[in-house]
2 protein chains.
Amino acid sequence: MSDKVKPEFQKAKKNRIFQDVVDQIQEAILEGKLTPGDVLPPERELRETFNVSRGTLREALRVLEQKGLVEIRLGTGGGARVKEAGTEQLTETLAFMIRSGTLPVVDIGEFREGMEGKIASLAALRANEKDIKRLEKILKNACEMAEKGESGWQDFLYADESIHKEIAKIARNSVYQYLMNVVHDNIQRYYNIFLDFSDNRLAENCQDLKNMVSAIKERRAEDAGRIAEEHVKRFNARMRAKEALTTQAISKNSQ
Amino acid sequence: MSDKVKPEFQKAKKNRIFQDVVDQIQEAILEGKLTPGDVLPPERELRETFNVSRGTLREALRVLEQKGLVEIRLGTGGGARVKEAGTEQLTETLAFMIRSGTLPVVDIGEFREGMEGKIASLAALRANEKDIKRLEKILKNACEMAEKGESGWQDFLYADESIHKEIAKIARNSVYQYLMNVVHDNIQRYYNIFLDFSDNRLAENCQDLKNMVSAIKERRAEDAGRIAEEHVKRFNARMRAKEALTTQAISKNSQ
DNA sequence: CATAGTCATTGGTTAGACCATTAATATGAT
DNA sequence: ATCATATTAATGGTCTAACCAATGACTATG
């Protein structure tokens, strides 16, 4: 039955020397032989170590830099520093996939429904008093903005974003927190451009937020999750409707 | 209130020429001026177009290649081809973050609980007859393997993976489907190494799968989601327990 | 003591050459 | 005529050697 095993190997990309250099340095980082903050020797020295030309070495450094593994500084005391593993790289790639349509926005929206629900549930289970206080403070601010009507609209959107991200933080799961941020920055913020005051239904949204925070405060995890999910679901439905209208208008114009 | 706006600009990375070349080509791809399959002119020609040295141009190409935007072939008729936007890049980055511990495995496990639940629910809503048939076929195979006891264990694991991925496909959401694959390949497969026959509780797992498929078939979305979530939750709990034991044993050894 | 200038270090860029791989084409044996 | 083999042109991969540009430390000068 071993013929069922899926190899999933990577194509052994030619004998490219710079790739070998990349692999060696990357491996050193993964094995902890190089840790964040470490500075690699100057290019002219590394060139000798690896016994490659400077050009080849630099191609390797470009790849490592693009992978987010090292950061390169200019001038005296400059050079390639091993970076703290971060999420910028992932974020950039995701952003590109969204912009280019590789990930359909409807799918992302739907994904967000489930994610926000789960996050709210977890937050309800894990919030401490300090968390609740911060949350209520932001909420108060948001609703004040909402009450100002159209003039407070932009600020409400900003406060709304803060609340969602704060809840993600309270859920204390780095994966959810990261995805939440990236989705918000690439989808919600994009959608908000097309929103106008009437779309936003400030009072309704504000009430949703209030209910959600209450549920979290009172540790009603299921409720919190359900409210959050419904909240996002309604938003998505409204955006889809708007999108359909836009598409319709465009196809009408192009006739 | 415009002082509240979060800029989130990127550091204007110095006057690096190759970066400018990267930006221009990337922009051309995003704008559709370059579409997948297009072949860029040879390096020696591009060098003149951008008025840079070949070395600089090649550094730009390395970055574009690393970003997954182009693929470079050798020999006559070779060159840089614009690639179909894919997920390999994202996958590689994620795999690195998991391997390096940037994303804690417990967080990923917890994330998976929610995700698998949601996927099962969606699958229940969207499965057609063909989907169900495929699913039942894989299920039957999996359970036969399970009944063989220890000898069928490895095959059961493989069939189990197939079922989960098939359900993700049925859910018809590219984001969930992608995340499911990446998590499975990087976490589940990793965990499986440490599993032994007794851990796997073949009969219990098989029953879970049966219940899940039934729920999907009968469009009981809530049930399907709950069963899937519980299934993963139990698995995670078992792995955490095992991990704690291992850690304990290690610290005992190192004393 | 402070300010401005000098200089060594290190990444960024250029130029030109040659090597290695690939696919098309020409050549030759059967 | 057909198929195998050798040639060749196109193109990426690598090397060498030089010079430019930014940076920070050191030094001289007021």
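Predicted model, so just to flag it, every value in this text is computed and none were measured. Just so it is clear: chains get the letters A, B, ... in the order the sequence lines come, proteins before strands, and each one is counted from 1.
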Length of the line joining B:I17:CD1 and D:dC19:C1', which is rounded to integer Å: 14 Å
Separation of atom CD in A:E71 from atom P in C:dG12, rounded to whole Å: 12 Å
Nearest-nucleotide 5' precedence on DNA chain D, A:V52 against B:P42: B:P42
pair A:F96-B:L69: side-chain heavy atoms closer than 4.5 Å: yes
A:R62 (side chain) and C:dG12 (base): donor-acceptor pair under 3.5 Å: no
Between C1' of C:dT14 and CZ of B:F50, the distance in whole Å: 17 Å
Rounded distance in Å - CG (A:L74) to P (D:dA22): 8 Å
Nearest-Å distance for atom pair CZ/C1', residues B:R81 and D:dA10: 13 Å
Nucleotide C:dT10, atom P - distance to CG of A:L46 in whole Å: 11 Å
Under 4.0 angstrom between A:T56 side-chain N/O and D:dC15 OP1 or OP2: yes
Atom-to-atom span, CG of A:L57 to C1' of C:dG11 - whole angstrom: 11 Å
Under-4.0 Å side-chain N/O to phosphate OP1/OP2 contact, B:R58 with D:dG13: yes
Enclosure of A:K169 NZ (heavy-atom neighbours >12, cutoff 6.0 Å): no
Rounded distance (Å) that lies between atom C1' of C:dT13 and atom CG of B:D20: 14 Å
Closest-nucleotide 5' rank along DNA chain C - winner of B:E59 and B:R54: B:E59
Whichever of B:E43 and B:T76 has its nearest DNA chain D nucleotide further upstream toward 5': B:T76
Residues which pass side chain to side chain contact (heavy atoms under 4.5 Å, CB included) with A:N128, listed by chain and number, not counting sequence neighbours: A:K130, A:D131, A:R172
Any A:S53 side-chain nitrogen or oxygen under 4.0 Å from OP1 or OP2 of D:dC15: yes
Donor-acceptor pair present, B:R44 side chain and C:dG16 base, under 3.5 Å: no
Stepwise side chain to side chain donor-acceptor pair (under 3.5 Å) test for A:D20 and A:Q24: CA-CA 6 Å; A:D20 191 59; A:Q24 286 194 52; 3.2 Å; yes
Residue pairs involving residues 24-37 of chain B (criterion salt bridge (Lys or Arg N to Asp or Glu O under 4.0 Å); sequence neighbours excluded): A:R99-B:E27, B:E31-B:K33
